[in-house]
Amino acid sequence: MANNYRNGTSNRSSLAKTDRPLSVNSNSKPAVKSKSFPASGPRKSSPASLGSAAVAKDYAGVPGRVRVAVRLRTRNAEEMVADADFGDCVELLPELKRLKLRKNNWDAETYEFDEVLTEFASQKRVYQAVAKPVVESVLDGYNGTVMAYGQTGTGKTYTLGPLGEEDPATRGIMVRAMEDILAGVSLDTDSVTVSYLQLYMETIQDLLDPTNDNISIAEDPKTGDVSLPGATLVEIRDQHSFVELLKLGEAHRFAANTKLNTESSRSHAILMVHVKRSVEGRDVAHSGEIGNNSHMVKTLKPPIVRKAKLVVVDLAGSERIDKSGSEGHTLEEAKSINLSLSALGKCINSLAEGSAYVPVRDSKLTRLLRDSFGGTARTSLVITIGPSPRHRGETASTILFGQRAMKVENMLKLKEEFDYKSLARRLDIQLDKLIAEHERQQKAFENEIERITIEAQNQISETERNYADALEKERLKYQKDYMESIKKLEERWKINQQKQGSDRIMVRSEDDCSDVASNAKGSMASIVGELTEVKKLLLKETQLRKAAEEEVNNLKIQVAQWKRSEMLEDEAHQKKKLEEEIALLQSQLLQISFEADETRRRLDRGESGKIPGGLDSLTQVRQPQLKDAGNGEKASIAKLFEQVGLQKILSLLEAEDADVQIHAVKVVANLAAEESNQEKIVEAGGLTSLLMLLGSSEDETIHRVAAGAIANLAMNETNQELIMTQGGIGLLSTTAANAEDPQTLRMVAGAIANLCGNDKLQLKLRGEGGIKALLGMVRCGHPDVLAQVARGIANFAKCESRASTQGTKTGRSLLIDDGALPWIVQNSNNEASPIRRHIELALCHLAQHEVNAKDMISGGALWELVRISRDCSREDIRTLAHRTLTSSPAFQAEMRRLRIDY
Ligand code: ADP
Ligand code: MG
């Protein structure tokens, strides 16, 4: 290996050899210029990266040099005998963290390391010095690497591998690291998964699944993250299962090596531990409470997870393979066996020298360890050496490797990201809950209607019964009165009869008494009179009774009617209220499902960072289709759509409740962002409703969202004409004049900018004040608004230029007529590139027609055109400006006059 170093032993001055007097302070590292590596991980001693929250804000990274410890093995039985007459080739000075390598009896070289571990160092001490800081880093969200390098038989596997089942004190780094990891995570929210692999002759084999013997390495082209998608990943929940897994891996490794006729000392063993932790305290309330839906929708934020990877590498023996093939390999095989290790040496050389090119891609090992050296991981290397003077050469080469590695600087970076998957899961659950709640309310509504109907029926029959009773009572009373009257009459009749009888007798006995006769005549007359009277009374009574009965009947009918109408009114009112509630819930459901869908889509695209912001994503730039959305979401949206219906949603735009209206317009805007919905929305009258909302609503949110939806719909030519015929320019202009919010202005400007790109609408648009409205919005000064204004002007200028070329337009540009030129000139070198680009194009279009030249020259546009033709970073615009300038006689003349050399 030593021969592979360009700066080998012959040029040691650049190495960490210390010939000058050594500092007494054992912490100082005179040989190493780079910042010293904190002794115990970022949590304890590095002020720059103390708490995890502090680190979370600092995505720029923390410098972290590769830390190197050297470990000396005791003499083994063979060495005791064979080297009995010789001293060890090395001498350790652990307090000074130095190692002396004897050259001969009188000369030695001294090297300094981060840690010097003597033959008496316990496994525990080795773990604490070498691996513990890395493990702590991994728990904090940084990648980490622990690697053992050294000649075969010097203790690499002893340092990393022992399970310590018989003697716990012998436990190696792998087992101890997992113990600390399991103690540091909470398995309710975090996860630990493990892969175990062997790399031999540039082939990666899965030690957890021997049939999987050619795993390929995948690299994320964006982040450069390296992964092994084919490797078995086992979730670890306790120490015991991890130990069993290591045993299984070892057994497979032994079997594989027997089969391939290799020694394990020729292969690299790689353990990968993936730790995924959710960050507490960042997860803003996800109250699943129903009834607080709108609030809930606003506060949903994806939780944050830290994903870190610990890689433990037991490298192949560093001794050179005898190239004669004494191990039964051909020369080619020998090269291939050595390839990864020598590539690692070359990479570390390049990194240590700070050279621009690091040959990472030369081998699988260096590709896998790309993050460990010169990357973002915290890396700790333990180099193992033996004491025997017979292996002095290999020992020296190992020491030099370690010295080189100490010069490698990594930039530690926190691996923190939004957990969109869990957010999507949570949204799914909430969606289900809302659907269930909706069903429950629907059911309750139906039950309520049923209850009211039954109650009403009961009341009606009870009223009917009451009236029947009352009527019967009345009838009986009248009957009784009638009978009594009849009785009285009969009695009086009887009395009269009797009176009449006695009178007749008297008439017969006193025949000739004329007084009596006249008396009798008189009493007859009075009886007849009385009878008539009684008859009259009877008649009157009968009439009265009839009238009373009629009255009662009328009353009865009236009361029944009154009762029914009162109940109906009540019912209608209740129904309306419930319907409104349902509509509100449905619109919220739809919105949530859209957001869930959006989230899923971003997730699938692997985006991170910004949370899908519903309306914020409503730019005039068309949103991608939901093609890659999960089928589950699609189905639930389709279901909701079916349930709610576009007509219903559109009708909610006119709802009286402002909340409902806002929700409805948001839903419509979300739908309008999808090209596939636009035709349906317009067909169902949605565009008209949205335009009307601009005019009728006072609410800024509604203005913003409606304008956004109109901007999206205005991307289609047919819709553009529709907007114009429905007085859209007037409405948009009024909104533009009244709005303060830059986002509203951006949406309005975006809508008008789209209209500006329609050749057919030029005159009408300008005639109805579209250009003036556009220019009016620059008062806001927000770059997003200015970019839309510039886009509109460029669109307009392009259409105009086209019309002029075709001869359908003559005369000066309407843009110049409407006073746009000063703003154009003023912003043609705006520092925001979207604004600048549009304006540059607009200027080129205007300049193409000689009629505009005079105004452009007097307005200062010529200077800008010259500048564009010289400095514009886009070649096509530069060429266009140049062509325009050279073909215009007016510009040419002016430039000659100004002595502009062109
Ligand atoms: P390598 O993996 O580097 O080839 P091993 O770890 O297999 O070396 O060690 C070779 C032998 O030396 C093993 O028998 C191991 O038990 C023993 N050994 C290595 N280092 C030590 C140590 N520090 N203390 C005791 N025995 C050791
Ligand atoms: Mg080994």
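A quick note: this is a predicted structure, and the numbers were derived from the prediction, not measured. Both ligands and their constituent atoms are indexed starting at 1 by order of listing. FYI, the numbering just counts along the sequence from 1. Side-chain atoms are counted along with the backbone in the values below, which use heavy atoms only and exclude waters and symmetry mates.
Here E235 does not pair with K276 in a salt bridge; the nearest charged N to carboxylate O distance is not below 4.0 Å.
Residues passing the salt bridge (Lys or Arg N to Asp or Glu O under 4.0 Å) test with R176: none are found, sequence neighbours excluded. Applying the side-chain contact (heavy atoms from CB on, under 4.5 Å) rule to D167 yields the partners A169, T170; only residues at least two apart in sequence or on another chain are considered. D238 pairs by the side-chain hydrogen bond (donor to acceptor under 3.5 Å, both in side chains) definition with S241, not counting sequence neighbours.
Not one N/O/S atom of Y158, from backbone or side chain, sits under 2.8 Å from the Mg ion (ligand 2).
Looking only at side-chain heavy atoms (C-beta outward), R73 and E119 stay at 4.5 Å or farther from each other.
With 3.5 Å as the limit, one finds a donor-acceptor pair spanning the side chains of E250 and Y196.
When heavy-atom distances to ligand 1 are checked against 4.0 Å, the residues falling inside are R71, R73, Q151, T152, G153, T154, G155, K156, T157, Y158, ordered by chain and number.
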